Amino acid sequence: IIFQDAPKFASFPERPRARLSLSESARSAPFSMYILAFVLLALVGAASSTDVQQHQCPHALPSPSLLKCLNQTTDHVFQVIAGTALVPNALGQYQQCQYDLKGTTMCVIDDTFQLGTATFPLVQGLCMPEECTINDIREFWSYIRCFNTTALTVLLNEYVLPEWNATCHKLNATSQCLKNFYHLEQNLLVLVSQINFVTGAITGTEVHCGNNKIESWTAGGIVMLTVCSLISLLVLANVVLETMETNYNESDDDEDRAGLLNSDARTLGSLQEAPTSRNGLDGVEATPNPPGALYKEGPRRSRARRMLALFSLRDNYELLMKKEASRSLGCLDGIRSISMFWIILGHTGDFQGPGFVGFDNLKIYLEMFERFTFQVAVSAQFCVDSFFFLSGLLTYYVLARKFAKSQRAPPFIMAVLLRFMRLVPLLGFVIGFYSTIANHFGAGPLWYKYTDESDRCNTWAWSNLVFVNNFVPSKYGDQCMPWTWYLANDMQFFIFALFVFCFVYCRKPILGAIAMGLSTLASVLYVWIYSYDNSLNMSSGAGQDTIYDKPWPRFAAFGVGCLTAILFADVLKKSKPFQHRMLLANTLMGLSIAGLVTIVYISYNFFNGHWSRSDNAGYLGVTRVGFAICLAVLTTLCTYGAGGFVNYFLTRPFWEPLGKLTFGAYLVHPIVIRVAYFSLVDTIHYTDIEYAVYFVAFAVLSYSIAFVLYLTVELPAAGLINMMLPK
């Protein structure tokens, strides 16, 4: 009955998507589904065959537990066939296997496979009987994993072919059946040859069964729920009180607010202020108008009422949307916001790839790297250097202005503590939410990937909060919220730059500039030499744990930012260097834009050509600092009135509120992406339109969440710190 329609299904489909339920007849199933039945049934007998074992890994006979599992598999053969993925790197029919069919559960194998000369992570779905244990499935997978084409030929010819011929003889279609068998054999051999399992011992293979949903709440989760509830109550209470305060003195409050709004919000303010970072990425730039300052000491409001007013949605929204009158570095909001969107664009694709979700058409995705237009996504790594450049520029720009006014170096310890207090409240809140609440948002065959990641925060969250997570733990993949390696680098750069400023620059500015220049040069040379010695290239992960997230290789862009600020403060000052030199200004702007475009798209030549060891080392060594230098030229032109249309575009009013939301968007967008991707029930089929839809959705949702966090966490925390500090 099972094979009576075999001659009608001679081809092996690339990706069978038809669903099979127990109520349907066997003839409705695609022929490829019968292949799995043959293999599963034959493995029971083949496992004890010396002829087959000599072509497999040197395993002993299957354990009694595995034989029992395989026996259950034959009893549930149609359920297993209906739910199991029949092609590499696929998850099968999760909904059917996990919920629609009885007696089965979806299990995902985490392993590796080889495509050409490259090795990629593999996720493979197996619909197995519920009686099978994790160890049974791992043992079963060990046989399949080491099953080469020779062993498959033995199995097919010695175990499958006799049954095949017997069935075909009963159907009086021996000739056609035999042709179909050899066609089937060739297709299966091609399939098996695509999967070359090269991992080590079988204990390294991970197996995850079920929907992986987190049912219980930890103590940390209860604490975070309490914190979220408390914030909601404070916001609601403030709304009610604002409505009831009919004797509110509008004129007095407006005067307080105007005085603050007209303050220099682009600087740290006095060292006794503790405003939160505008985006957490620039290193110094203060959130304009921390709400705590809206309610000064006075007879009208008690201290408790002023603290409650920090959670005013009305006032905080006004601060978010308020446009500052004077903006000497207004173009930075545009650069910052565009860089953040660029990060989301790059992560949209990165988190789709092998190791996260994976593609069922991986070859198509890999071919995208050879397309010229795709290089903007490939080169999204440079947006990180944009933020490092902005951080260095604003750090020294603010410090130099303060030094010019007071002729005194800022107190080193106090400046570091203020920066720490600006970043930690929102960072700590997001870490808590990510690791204890967001892990309840999803379920599915891949959801274990999210829970495995978030569980690392139980061990390593402290290293994020003291900004050493790029060192502890030693591996990027073991970090809590691993994308926050940037914040650790930025804090370390800030401390180093502040030290140079306080103890070198303030005594001899030229020596401070030389120190920053030499540090920048040393960073470039280190990356160049290390990349050459270790034969790194842009597709090798660029040494994630060695030259990507460690401070000394990433300092170059930050150093360029500091040197640019020194240029503004000590050389150009308040002059108009391009007032009568528009030809020079236009030439520099053209070279800057051409340099940025070249650095972004030069990777096209890498994927379509052959780069030598020296070429790769040169690319990794100079492109980051080159990108920062191009940004420095562009920023200088925009700041001194020679930016033209570029400055006009980068200083549009809509960039300013987006710039204020960048810190929140930076922290939450990987969480949004992970929740969406790890809730999928199958691997991704890459298309350009799907990539674009995901990107837009992630950008909108990330900024929406950042908007809520800005009003309810970031600004209130800034105001609270501002109120607690001595005057």
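Predicted model only: the values in this text are computed from it and were never measured.
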Keeping [X] on the side-chain end and [Y] on the backbone end, is there a donor-acceptor pair under 3.5 Å?
| X | Y | answer |
| --- | --- | --- |
| S592 | L588 | no |
| S312 | A309 | no |
| W447 | G442 | yes |
| D490 | Y486 | no |
| Y691 | L345 | yes |

Euclidean distance, [Y] [atom2] relative to [X] [atom1], rounded to 0.5 Å:
| X | Y | atom1 | atom2 | value |
| --- | --- | --- | --- | --- |
| L332 | L631 | CG | CG | 10.0 Å |
| C383 | I335 | SG | CD1 | 13.0 Å |
| D688 | M368 | CG | CE | 4.0 Å |
| R422 | E714 | CZ | CD | 11.0 Å |
| S454 | I437 | OG | CD1 | 12.0 Å |
| F389 | F382 | CZ | CZ | 15.5 Å |

Nearest atoms (heavy-atom pairs only) where [X] meets [Y]:
| X | Y | result |
| --- | --- | --- |
| L498 | A415 | CD2-CB, 3.6 Å |
| F501 | Y396 | N-OH, 3.3 Å |
| Q375 | S603 | OE1-OG, 2.6 Å |
| R456 | G477 | NH1-O, 2.5 Å |
| P653 | P657 | O-CD, 3.2 Å |
| M589 | A642 | CE-O, 4.4 Å |

Find out whether [X] and [Y] are in side-chain contact, i.e. whether some heavy atom of one side chain is under 4.5 Å from a heavy atom of the other.
| X | Y | value |
| --- | --- | --- |
| F707 | L320 | yes |
| F311 | N316 | no |
| I671 | W483 | yes |
| L650 | D333 | no |
| T662 | L658 | no |
| Y666 | M340 | yes |
| V227 | I231 | yes |
| F678 | F356 | yes |

Requested in this report: May I have all residue pairs that pass side-chain hydrogen bond (donor to acceptor under 3.5 Å, both in side chains) and include part of residues 553-567, sequence neighbours excluded?
Outcome: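 Every side-chain hydrogen bond (donor to acceptor under 3.5 Å, both in side chains) pair that includes a residue of residues 553-567, provided the two are not neighbours, is D385-R554.
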Requested in this report: Write out all pairs satisfying side-chain hydrogen bond (donor to acceptor under 3.5 Å, both in side chains) with one or both partners inside residues 228-239, taking only residues at least two apart or from two chains.
Outcome: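 Only N238-E242, N238-R305 qualify under side-chain hydrogen bond (donor to acceptor under 3.5 Å, both in side chains).
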Aromatic contact, [X] with [Y] (centres under 6.0 Å):
| X | Y | answer |
| --- | --- | --- |
| F555 | F558 | yes |
| F388 | F627 | no |
| Y548 | W485 | yes |
| Y640 | F578 | no |

Requested in this report: Measure the distance from the SG of C331 to the SG of C638 and say whether it is below 2.5 Å.
Outcome: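 Cysteines C331 and C638 do not qualify as a disulfide pair, their SG atoms being 2.5 Å or more apart.
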Taking side chain to side chain contact (heavy atoms under 4.5 Å, CB included) as the test, write out the residues that go with [X], two or more places apart.
| X | value |
| --- | --- |
| K550 | F471, W552, P553 |
| V708 | T712 |
| D350 | H347 |
| I684 | Q352, V357, F359, Y677, L680, E690 |

Query raised in the report: Can you list the steps and then say if F433 with L709 is a side chain to side chain contact (heavy atoms under 4.5 Å, CB included)?
Result: CA-CA 12 Å; F433 193 90; L709 291 176; over 6 Å; no
Report task. Step by step, work out the side chain to side chain contact (heavy atoms under 4.5 Å, CB included) result for F663 and L487. Result -> CA-CA 10 Å; F663 185 28; L487 293 179; 4.0 Å; yes
Query raised in the report: Is the Lys NZ or Arg CZ of R314 less than 6.0 Å from the centre of Y317's six-membered ring, within 45° of the axis?
Result: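 Ring-cation test returns no.
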**Report entry** More than 12 heavy atoms of other groups within 6.0 Å of F645 CZ
**Finding:**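 No, CZ of F645 has 12 or fewer neighbouring heavy atoms, counting only those of other groups under 6.0 Å.
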Query - Worked check of side chain to side chain contact (heavy atoms under 4.5 Å, CB included) between N469 and W460 - result: CA-CA 8 Å; N469 50 295; W460 300 113; over 6 Å; no
